[in-house]
Peer 1: 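Before I ask anything, let me first share the structure, which is written out below as structure tokens.
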Amino acid sequence: FPRALPALAVLALAAQPAAAQSLRVALSSEPTAVDPHYHVLAPNSATRSHEVTLQQGDEGVGPPPHCHPWDETFFVTRGRVTFECAGQTTLAREGTLVHVPAGTVHAFRFGPGGGAMVEIAGAGGEATDMFADVAAQFPSGPPAASDVPRLIGVLHRHGVAVAAPQ
């Protein structure tokens, strides 16, 4: 493998576009009191198209069923994650890629021992702005039950609809 590295480096350099000045680098955000397990790696303001986040959670952690007008793709990097998409349940293990089309009601829960995954939100995604807005609205930590209507209002401003419990 070490002997192949210079050849790979040459291939990587040869594959670079001529407009290298358009390269953008984004850094991970600090966790917030609302969600210490959600890290923005690249907001769409940096990529000019999609968003990339790292999501980690303890067993049972995950959002309620919801939908939004952007695609999401998740790559499980640690543990197991149970996804519910359009009424179907799938167990995704480390190394699994799950794609959720825009407008699809979905939810996930991290499995035993917790887990982690990289999430890529498609063009028009507002997840990173939404989490920043939620953190600003609830600076002392996760919202209390009495704050749920206000929380749903924040989500709605960013195009997220929380599905009714079934």
Side-chain angles (χ1 to χ4, degrees), residues 26 28-166:
S28 175
S29 67
E30 291 298 316
T32 67
V34 172
D35 193 346
H37 301 105
Y38 183 88
H39 302 273
V40 176
L41 302 177
N44 56 18
S45 60
T47 67
R48 297 185 184 167
S49 63
H50 57 279
E51 303 176 303
V52 182
T53 64
L54 172 64
Q55 298 182 24
Q56 304 175 82
D58 296 328
E59 181 175 347
V61 170
H66 65 284
C67 65
H68 39 68
W70 60 85
D71 289 356
E72 280 184 308
T73 301
F74 300 90
F75 182 74
V76 179
T77 59
R78 179 173 53 82
R80 294 178 291 179
V81 184
T82 300
F83 283 89
E84 294 177 26
C85 297
Q88 295 185 343
T89 301
T90 301
L91 177 63
R93 299 177 187 284
E94 186 174 320
T96 302
L97 185 75
V98 176
H99 178 73
V100 180
T104 303
V105 174
H106 62 286
F108 63 81
R109 292 277 178 265
F110 290 104
M117 58 188 175
V118 172
E119 177 242 0
I120 302 168
E126 292 194 36
T128 57
D129 289 341
M130 178 195 67
F131 275 100
D133 197 2
V134 168
Q137 293 292 320
F138 304 96
S140 62
S146 61
D147 292 323
V148 169
R150 188 164 56 117
L151 173 62
I152 289 175
V154 172
L155 302 180
H156 184 57
R157 281 198 303 271
H158 294 280
V160 177
V162 177
Q166 297 181 11

Peer 1: Does any part of the side chain of Val81, heavy atoms only, come nearer than 4.5 Å to the side chain of Met117, both counted from C-beta?
Peer 2: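 A side-chain contact exists here, since the closest heavy-atom pair is under 4.5 Å.
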Peer 1: If you apply the rule side-chain contact (heavy atoms from CB on, under 4.5 Å), what do you find for Leu155 with Met130, and how did you get there?
Peer 2: CA-CA 7 Å; Leu155 302 180; Met130 178 195 67; 3.3 Å; yes
Peer 1: Are the side chain of Glu126 and the backbone N or O of Gly159 linked by a donor-acceptor pair below 3.5 Å?
Peer 2: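 Absent.
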Peer 1: Roughly how far, to the nearest 0.5 Å, is the OG1 atom of Thr128 from the NE2 atom of His39?
Peer 2: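 Here the rounded value is 14.5 Å.
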Peer 1: Filter on salt bridge (charged side-chain N to carboxylate O under 4.0 Å, His left out), then keep only pairs touching residues 84-111, sequence neighbours left out; what's left?
Peer 2: none
Peer 1: Can you name the nearest heavy-atom pair linking Glu119 to Phe74, along with the distance?
Peer 2: CG-CE2, 3.4 Å
Peer 1: Measure the spacing between OG1 of Thr53 and CG of Leu41 and express it to the nearest 0.5 Å.
Peer 2: 6.5 Å
Peer 1: Ignoring hydrogens and angles, tell me if any N or O in the side chain of Asn44 forms a donor-acceptor pair with the backbone of Gly125 under 3.5 Å.
Peer 2: yes
Peer 1: Which atoms form the tightest heavy-atom contact between Val98 and Ala92, and what is the distance?
Peer 2: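 Looking at all heavy atoms of both residues, the shortest contact is CG2-CB, 4.0 Å.
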Peer 1: Residues in side chain to side chain donor-acceptor pair (under 3.5 Å) with His156, at least two apart?
Peer 2: none
Peer 1: Would you call the rings of His68 and His106 parallel, tilted or perpendicular if under 30° counts as parallel and over 60° as perpendicular?
Peer 2: perpendicular
Peer 1: Tell me which pairs pass salt bridge (charged side-chain N to carboxylate O under 4.0 Å, His left out) where either residue lies in residues 60-75, with sequence neighbours left out.
Peer 2: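 Applying salt bridge (charged side-chain N to carboxylate O under 4.0 Å, His left out) to every pair that reaches into residues 60-75, excluding sequence neighbours, yields nothing.
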